[in-house]
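A quick write-up on the structure given underneath.
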Amino acid sequence: MKKNVVLFSTLASFLLLFSCKEDKLVEVVEVPLPTKEEKITIGSPNDVKADPGSFEMTKLPFNYDALAPDIRSLTLETHYSKHYLSYTNNFNKEILSTEFENMPIEDILKKMPLTNLKLRQNAGGYYNHTLYFNILSPKEQTPKDTLAGSINKEFGSFNNLTNQFKTQSEKQFGSGWVWLVVDRYGKLQITITDNQDNPLMKNALIPGTPIMGIDLWEHAYYLDYQNRKGSYIDAFYNHINWEKVNEYYVEALKKVKKV
């Protein structure tokens, strides 16, 4: 009897899959129901701690659900407590007992050999994610103060900056980052890097100090948006902490002696 039921179900599914209506094939996709309820427990960012080492994770100043529904709690928790934590621990291991162990992260990125792929990936992953999580905010903001004036001067308007940044983010193929940087002349520029590279490294297309960056690896958005990367880019843009970006901007200008 049980075999007959299974056979009947299989036959019915097959007929539905290739059923014809007005001479058009209709595809029917069946999604099996879960056999049991699954509970996902979301923790607290305060519980996440890297192993002892030269560098620590930046503290997330809000709970994992603070950016929902744009970036949901499971995505943010996975990104922060799994990927960022892994990069931090691996980075500390790579520099242990080396010349880089007590060096500032910016100097490591500028001086390290790009042929050391483990160090390159993990140093970049640590720096990039630290900046990413530092510039997220639950509240939507717009640029103010020094940064706002420079954006209007160099891009024409905030809308122009937004459109250019989003366009570059959409065009980035595969895993990587899009950045707003202060270049060596103190100018704001938008640039891209692959994988976990960033504009501080020797291979940068536009060398400069990043003040904002979007993570375009799938781990940053796939649980929420699957292949709809553009929706994630819009969601990210709703949660940029422009006050923090302005702080980074002023610091970067000091480095190039423009303030």
Can you confirm whether [X] sits close enough to [Y] that some side-chain heavy atom of one is under 4.5 Å from a side-chain heavy atom of the other?
| X | Y | value |
| --- | --- | --- |
| Asp224 | Tyr232 | no |
| Thr130 | Met57 | no |
| His239 | Phe236 | no |
| Lys111 | Glu99 | no |
| Leu76 | Leu60 | yes |
| Pro207 | Pro199 | no |
| Ile211 | Val181 | no |
| Tyr248 | Ile135 | yes |

With a 3.5 Å cut-off and no angle check, do the side chains of [X] and [Y] form a donor-acceptor pair?
| X | Y | result |
| --- | --- | --- |
| Tyr222 | Thr75 | no |
| Thr146 | Tyr249 | no |
| Glu94 | Asn122 | no |
| Tyr237 | Thr162 | yes |
| Gln226 | Tyr221 | no |

Steps toward salt bridge (Lys or Arg N to Asp or Glu O under 4.0 Å) verdict (Lys254, Glu251) = CA-CA 5 Å; Lys254 289 177 182 177; Glu251 290 174 12; over 6 Å; no
Distance check, rounded to the nearest 0.5 Å: [X] atom [atom1] versus [Y] atom [atom2]?
| X | Y | atom1 | atom2 | value |
| --- | --- | --- | --- | --- |
| Ile105 | Leu200 | CD1 | CG | 8.5 Å |
| Gln141 | Asn238 | CD | CG | 12.0 Å |
| Leu109 | Met201 | CG | CE | 5.0 Å |
| Leu74 | Thr78 | CG | OG1 | 4.0 Å |
| Leu114 | Met112 | CG | CE | 6.0 Å |
| Ile214 | Lys166 | CD1 | NZ | 9.5 Å |

Nearest heavy-atom neighbours spanning [X] and [Y]:
| X | Y | value |
| --- | --- | --- |
| Phe62 | Pro45 | O-CG, 3.4 Å |
| Ala220 | Asp215 | CB-O, 3.6 Å |
| Asn241 | Ser137 | CB-CB, 3.7 Å |
| Tyr225 | Ala235 | OH-CB, 3.4 Å |
| Arg72 | Leu223 | NH2-O, 3.2 Å |
| Thr167 | Asn163 | OG1-O, 2.7 Å |

Identify whether NZ of Lys or CZ of Arg in Lys153 sits under 6.0 Å from the centre of the six-membered ring of Phe155 and within 45° of that ring's axis.
-> no
Please assess Tyr127 against Glu106 for the test side-chain hydrogen bond (donor to acceptor under 3.5 Å, both in side chains), listing each intermediate value before the final yes or no.
-> CA-CA 8 Å; Tyr127 176 90; Glu106 292 84 0; 5.0 Å; no
Would you confirm whether [X], through its side chain, and [Y], through its main-chain N or O, come within 3.5 Å as a donor-acceptor pair?
| X | Y | value |
| --- | --- | --- |
| Thr98 | Ile95 | yes |
| Glu77 | Gly43 | yes |
| Asn63 | Ala66 | no |
| Asp107 | Met103 | no |

What's the verdict on side-chain contact (heavy atoms from CB on, under 4.5 Å) for Asn198 and Trp177, showing C-alpha distance, side-chain angles and the deciding distance?
-> CA-CA 8 Å; Asn198 63 55; Trp177 294 73; over 6 Å; no
Hydrophobic cluster identity match, Leu96 and Leu119, side-chain contacts under 4.5 Å | no
Lys202 and Lys110: side-chain contact (heavy atoms from CB on, under 4.5 Å), yes or no, with the steps?
-> CA-CA 6 Å; Lys202 295 174 183 177; Lys110 292 174 183 177; over 6 Å; no
Would you check if the distance from the ring center of His79 to the ring center of His219 is below 6.0 Å?
-> yes
Centroid separation Trp217 to Tyr132 less than 6.0 Å = no
When you look at Lys118 and Asn90, which way does the side-chain contact (heavy atoms from CB on, under 4.5 Å) test go after all the steps?
-> CA-CA 9 Å; Lys118 278 190 175 181; Asn90 289 335; over 6 Å; no
I would like to know whether Leu180 and Leu161 meet side-chain contact (heavy atoms from CB on, under 4.5 Å); could you show each step before the answer?
-> CA-CA 9 Å; Leu180 181 64; Leu161 167 67; 4.0 Å; yes
Can you give each donor-acceptor pair under 3.5 Å made by side-chain atoms of residues 188-195, sequence neighbours left out, with the distance rounded to 0.1 Å?
from, atom 1, to, atom 2, distance (Å)
Gln189, NE2, Asp183, OD2, 2.8
Thr193, OG1, Trp179, NE1, 2.9
Thr193, OG1, Asp197, O, 2.7
Asp194, OD1, Gln172, NE2, 3.0

Just list the side-chain donor-acceptor pairs under 3.5 Å for residues 46-54, sequence neighbours left out, or say none.
from, atom 1, to, atom 2, distance (Å)
Lys49, NZ, Asn46, O, 3.2
Ser54, OG, Glu101, O, 2.7

Can you establish whether the number of heavy atoms outside Lys229 located under 6.0 Å from its atom NZ is more than 12?
-> yes
Flag if over 12 foreign heavy atoms under 6.0 Å of CD, Glu170 | yes
Not counting sequence neighbours, list each pair that qualifies as a ring pair (Phe, Tyr, Trp, His ring centres under 6.0 Å) and has a residue in residues 90-119.
-> Phe55-Phe91, Phe91-Tyr126
